[in-house]
Engineer: 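The structure that follows is given in the form of structure tokens.
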Amino acid sequence: QVHLVESGGGVVQVGGSLRLSCAASLYTFSTYAMGWFRQAPGKEREFVGGISRDGGSTSYADSVKGRFFISRDNAKKMVFLQMNGLKPEDTAVYYCAAGLELSSKSYTYNYWGQGTQVTVSS
């Protein structure tokens, strides 16, 4: 079995911060790039950011650049999404995913978590 489990979601006011965590059961976690995606009500799933297998490279959607930051701890098999300056439009279910490369395309990822809800109130 392969499991990715997100945590850390919740309700936060505009301008607040949250840190999402994703714990992976992947035996070879360090060989996978990790991505974060989100899906808001009535919208398609979109790329938020990603990090390379060694943590040396990151990529972010323009909408979150400068506000969100991705990091990983390969020893703990975890990846994090630090979200700052949250806006109402950040409200969505956030998913972590594992893939073979750092990519903004959902189809390049092999494993997905169940998601965690982030709600930003105005």
Engineer: Once rounded to the nearest 0.5 Å, what's the spacing between atom OG of Ser122 and atom CD of Gln13?
Structural biologist: 10.0 Å

Engineer: Without swapping roles, check the side chain of Ser25 against the backbone of His3 for a donor-acceptor pair under 3.5 Å.
Structural biologist: yes

Engineer: Under 3.5 Å, side chain of Gln39 to main-chain N/O of Val93, donor-acceptor pair present?
Structural biologist: no

Engineer: Side chains of Met83 and Ser17, heavy atoms from C-beta outward: is any pair under 4.5 Å?
Structural biologist: no

Engineer: Give a yes or no on this: more than 12 heavy atoms of other residues, nucleotides or ligands lie within 6.0 Å of atom CD of Glu89.
Structural biologist: yes

Engineer: Apply side chain to side chain donor-acceptor pair (under 3.5 Å) to Arg45 and list each qualifying residue two or more places apart in sequence or on a separate chain.
Structural biologist: none

Engineer: Can you tell me if Tyr109 uses its side chain to pair, donor with acceptor, with the backbone of Ser103 under 3.5 Å?
Structural biologist: yes

Engineer: Would a single hydrophobic cluster contain both Val48 and Trp112, if residues Ile, Leu, Val, Met, Phe, Trp and Tyr are joined by side-chain heavy-atom contacts under 4.5 Å?
Structural biologist: no

Engineer: Check whether any side-chain heavy atom of Thr91 sits under 4.5 Å from a side-chain heavy atom of Val118, and report yes or no.
Structural biologist: no

Engineer: Would you say the side-chain atoms of Asn74 pair up with the backbone N or O of Arg53, donor to acceptor, closer than 3.5 Å?
Structural biologist: yes

Engineer: As an exercise, state the distance from CG of Asn110 to CG of Leu100, rounded to the nearest 0.5 Å.
Structural biologist: 5.0 Å

Engineer: If you look at every heavy atom in Ala24 and Leu4, which pair is closest and at what distance?
Structural biologist: CB-CD2, 3.3 Å

Engineer: Look only at the side chain of Glu6 and the backbone of Gln114, and say whether a donor-acceptor pair between them is shorter than 3.5 Å.
Structural biologist: yes

Engineer: Nearest 0.5 Å, please: how far is OG in Ser30 from CG in Asp73?
Structural biologist: 11.5 Å

Engineer: Which pair of heavy atoms, one from Leu20 and one from Gly9, lies closest together, and at what distance?
Structural biologist: CD2-N, 3.5 Å

Engineer: Whether Arg72 engages the ring of Phe29 as a cation-pi pair (distance to the six-membered ring centre under 6.0 angstrom, angle to the ring normal within 45°) should be assessed.
Structural biologist: yes

Engineer: Could you tell me whether Arg38 and Asp90 make a salt bridge, using a distance below 4.0 angstrom between a side-chain N and a carboxylate O?
Structural biologist: yes

Engineer: Name each donor-acceptor pair under 3.5 Å that joins a side chain in residues 75-82 to protein atoms two or more places apart or in another chain, with its distance.
Structural biologist:
residue: Lys77; atom: NZ; partner: Leu26; partner atom: O; Å: 3.0
residue: Gln82; atom: NE2; partner: Asn84; partner atom: OD1; Å: 3.0

Engineer: What about Tyr60 and Ile51, same hydrophobic cluster or not, with Ile/Leu/Val/Met/Phe/Trp/Tyr joined at side-chain heavy-atom distances under 4.5 Å?
Structural biologist: yes

Engineer: Enter the distance from Ser57:OG to Ile70:CD1 here, rounded to the nearest 0.5 Å.
Structural biologist: 11.5 Å

Engineer: In terms of hydrophobic clusters joined by side-chain contacts under 4.5 Å, are Val64 and Val120 together?
Structural biologist: yes

Engineer: If you group Ile, Leu, Val, Met, Phe, Trp and Tyr by side-chain heavy-atom gaps below 4.5 Å, do Met34 and Phe69 land in one group?
Structural biologist: yes

Engineer: Centroid-to-centroid, Tyr95 to Phe37, below 6.0 Å?
Structural biologist: no

Engineer: Within a strict 4.5 Å, meaning less than it, do heavy atoms of the Leu86 and Val14 side chains meet?
Structural biologist: no

Engineer: Given Tyr32 and Tyr111, is the side chain to side chain contact (heavy atoms under 4.5 Å, CB included) satisfied, shown in steps?
Structural biologist: CA-CA 10 Å; Tyr32 289 88; Tyr111 307 109; 3.6 Å; yes

Engineer: Determine the minimum heavy-atom distance between Leu102 and Ser59, stating which atoms define it.
Structural biologist: CD2-CB, 3.5 Å

